[in-house]
Amino acid sequence: MGFKFNVGGGGPGLSASKSTYYTSIAQGALIASLTDPFGSGATYTVVGNTPSTLALASGGRIVAGAGAQADGQASTIVIRASKGSRAVEESLTFTSIPIPRAATYPKAGDLVFGLSPYRTQGNSLTALAYPPSSGALNEVSDNFMPAQPAGWRPVYFNFGLNSADSSGPTALETLPGNANTIDGSVTFTAANGGGTRVAGTFNGAASVVIPDGGFAIEDARPAFAGGFHRVSLTTPSGGKRPTGWNADPAYGEYRRRNGAFASSNLAGGQITGSAPDNLRGYKPHGVVVPFDGRTPSVLFIADSIGAQNDQRPDARQLVGGIVKALGDPAGIGSFGVANFTHHGASMEDFMDVTAGSNRFSQRYAALAAIRDMNGGRWPITHIWSQGLRNDFSAMASSATPDDVLVLMKARAQAWWDFLAKTFPGIPIIQSTVSSRVTNDSVTNYTLLEGQLPRPAAAGIGLENFNTWLVQTVPAPLAMVVDLQDGQRELRADPNFSGQSPVWGRLAFVKAGGGKLATALAAGVATSTVKITASTPPAVGSAAYFEPGTSVMEMKGSINTVTDNGDGSFTLGLSASITPSNAHAVGSVFATSPTTDGTHPETVVHEIWASMVRPLKPLIASL
């Protein structure tokens, strides 16, 4: 895990990257990286006293000390670099400065995105503007809603996102081609319409018609203790509506379909209509809240790597490791999040805000409208990019790792420059780019052997890019977060001289994996698996039966782990599985952090969340 800030100091001979840093920097945060006067191998020490505002850290880094920082304060530290009999000393001075806030940075009282439970708009399994059957032009959905402060306002879109994975532009906002009507919305604090109920309004009206490709924002609501949010949406005959999120009846989330709007579904208890359905339930795409002047509100932009599926009730709040960590109240409290992840997107898709382009134009229009409501100030305080995975994936197999590095630096720089120009004064965070590999059908992704970068040249190029990213924190980035240790190991690349990142083995596999304690019969469904092992597998990892054999198969994801106290564990699966092959008692059981070589399973998102949570104070200080 790592992070860097693009600030520091310099001088002749032994030098540092820059001489200024932000006053609000947190203790231990990077101020500057020292330049090795011998090329490599230098050992650094402090000569004399170290000022309380500074500290020397491993790897030739100057970091913020425990002492208080003040605007304009200059602190001098004398550093000695030595290698063998050679040594260089240099007096380096670093001056703290206030963070420059552009006129477009939000002020207290402005609307910013708040805590939201909502998933990415993309869904790789469905078209996102679909025609309902004539007998189901209305749908009513109950969805989990976390606690909200006074003045919160749900935001709704009348468009979805495609999830094509082909040559660009791939990521398009999918318009239904017609207006759709929100008949009304209501919050309640207990399931099935129970508890305290409050209805929402739109400019004082109970309903609103959202134009094709448009959006709607409710009037300000009173503080909400948390519970559920019910929305009724009606589509005209012959029209389409955007798909919503996958709701889960087990957690009180579901939708019902009706021929027409029934006011009793908003005024009453349990929704009437068809049986509960866990697909395509419409809900808001975020909430905006009055900015308190201190709680960060993060615009999260990523491709499908930024998303995951919920597995446990406590995961209903947020989806994706980074977003989950930012919204977690642990540490310094929950951040607001606008989750604009889009499956299949390259960064060039997000960079096109031209009206009607439908690449990022509709989401940008909503952001800009809220900005205008704020008097020209954006509804976010930070931007986090977990993108660039699909940019690597688009590289030609004939390219060399050096070619890949040059091209990716150019693509990344164009992306960051776009963000800095479009959202001036908003700090930009970039996290490292995850692996993408192919694998044979026998070992699959449980082992390092057999995993090959896809395309081949992108492997070493990816490792070099991430190294460059973490070590340099190129402008205009304010912070880089290194998530590589959460998902990758290195192995020799058979195509090029060097090391390539592949999906790392989970601790369970490194400890020897497990063996089946009860047999599984071919064609017989089960929702549990019993194994013997020296250590339990991780919740959220994919289950593999007999990897390395002709009957290998990947079936299911681990949802719960029960220690039986006798060297065995009972694994509850997220859904029932039906093995295609028989697996006898004593046969090998393994797990993996990915099922397709590109997308991380929930276990990796949980690892990433654990890495991001401690950084929240540093993020808030940007």
Side-chain angles (χ1 to χ4, degrees), residues 1-22 25 27-67 74-97 400-406 408-409 412-413 430 432 459-482 484-485 488-493 496-501 618:
M1 178 177 68
F3 59 91
K4 287 180 180 287
F5 294 93
N6 190 23
V7 292
L14 170 64
S15 62
S17 50
K18 292 179 72 176
S19 61
T20 59
Y21 64 97
Y22 293 142
I25 195 170
Q27 180 181 355
L30 181 70
I31 289 176
S33 296
L34 300 175
T35 301
D36 193 327
F38 311 114
S40 64
T43 299
Y44 300 97
T45 56
V46 177
V47 179
N49 296 325
T50 302
S52 64
T53 53
L54 305 176
L56 175 64
S58 61
R61 297 176 298 131
I62 303 296
V63 300
S75 302
T76 300
I77 186 172
V78 180
I79 300 295
R80 176 185 174 88
S82 59
K83 182 179 183 182
S85 60
R86 295 179 293 170
V88 175
E89 289 186 8
E90 190 69 43
S91 177
L92 302 172
T93 299
F94 302 90
T95 303
S96 61
I97 59 174
T400 68
D402 288 342
D403 293 335
V404 168
L405 180 59
V406 171
M408 281 307 305
K409 283 183 177 180
Q413 195 65 59
Q430 174 70 48
T432 48
I460 296 174
L462 171 63
E463 188 69 14
N464 292 341
F465 175 84
N466 280 332
T467 298
W468 166 77
L469 177 66
V470 170
Q471 291 182 350
T472 64
V473 192
L477 296 180
M479 184 176 183
V480 167
V481 178
D482 186 354
Q484 296 175 99
D485 289 346
R488 73 92 158 89
E489 291 184 65
L490 295 176
R491 55 152 292 177
D493 192 313
F496 302 96
S497 176
Q499 298 281 314
S500 287
L618 303 180

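Just so it is clear, the model here is predicted, and its values are computed rather than measured.
- Side-chain contact between I62 and Y21 is absent, with no heavy atoms from C-beta onward closer than 4.5 Å.
- If you check the side chains of T76 and T93, you find a donor sitting under 3.5 Å from an acceptor.
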Could you walk me through whether Q499 and I460 pass the side-chain contact (heavy atoms from CB on, under 4.5 Å) test, one step at a time? CA-CA 6 Å; Q499 298 281 314; I460 296 174; over 6 Å; no
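- Listed by first and then second residue, the side-chain hydrogen bond (donor to acceptor under 3.5 Å, both in side chains) pairs that reach into residues 48-57 are T53-S75, sequence neighbours excluded.
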### Query
Between I79 and T45, does a side-chain contact (heavy atoms from CB on, under 4.5 Å) hold up when you go through it step by step?
CA-CA 6 Å; I79 300 295; T45 56; over 6 Å; no
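- In this structure, the side chains of R80 and V78 stay at 4.5 Å or more apart for every pair of heavy atoms.
- Looking at heavy atoms from C-beta onward, Y44 lies in side-chain contact with L34 at the 4.5 angstrom threshold.
- Under the 3.5 Å distance criterion, the side-chain polar atoms of K83 are matched with a main-chain donor or acceptor of S40.
- Salt-bridge annotation for E463 and R488: present, with a side-chain N of the basic residue lying under 4.0 Å from a carboxylate O of the acidic one.
- Remark: the D403 side chain and the T400 side chain contain an N/O donor-acceptor pair separated by less than 3.5 Å.
- One N or O on the side chain of D36 and one on the backbone of G41 form a donor-acceptor pair closer than 3.5 Å.
- Between F94 and I77 there is a side-chain heavy-atom pair separated by less than 4.5 Å.
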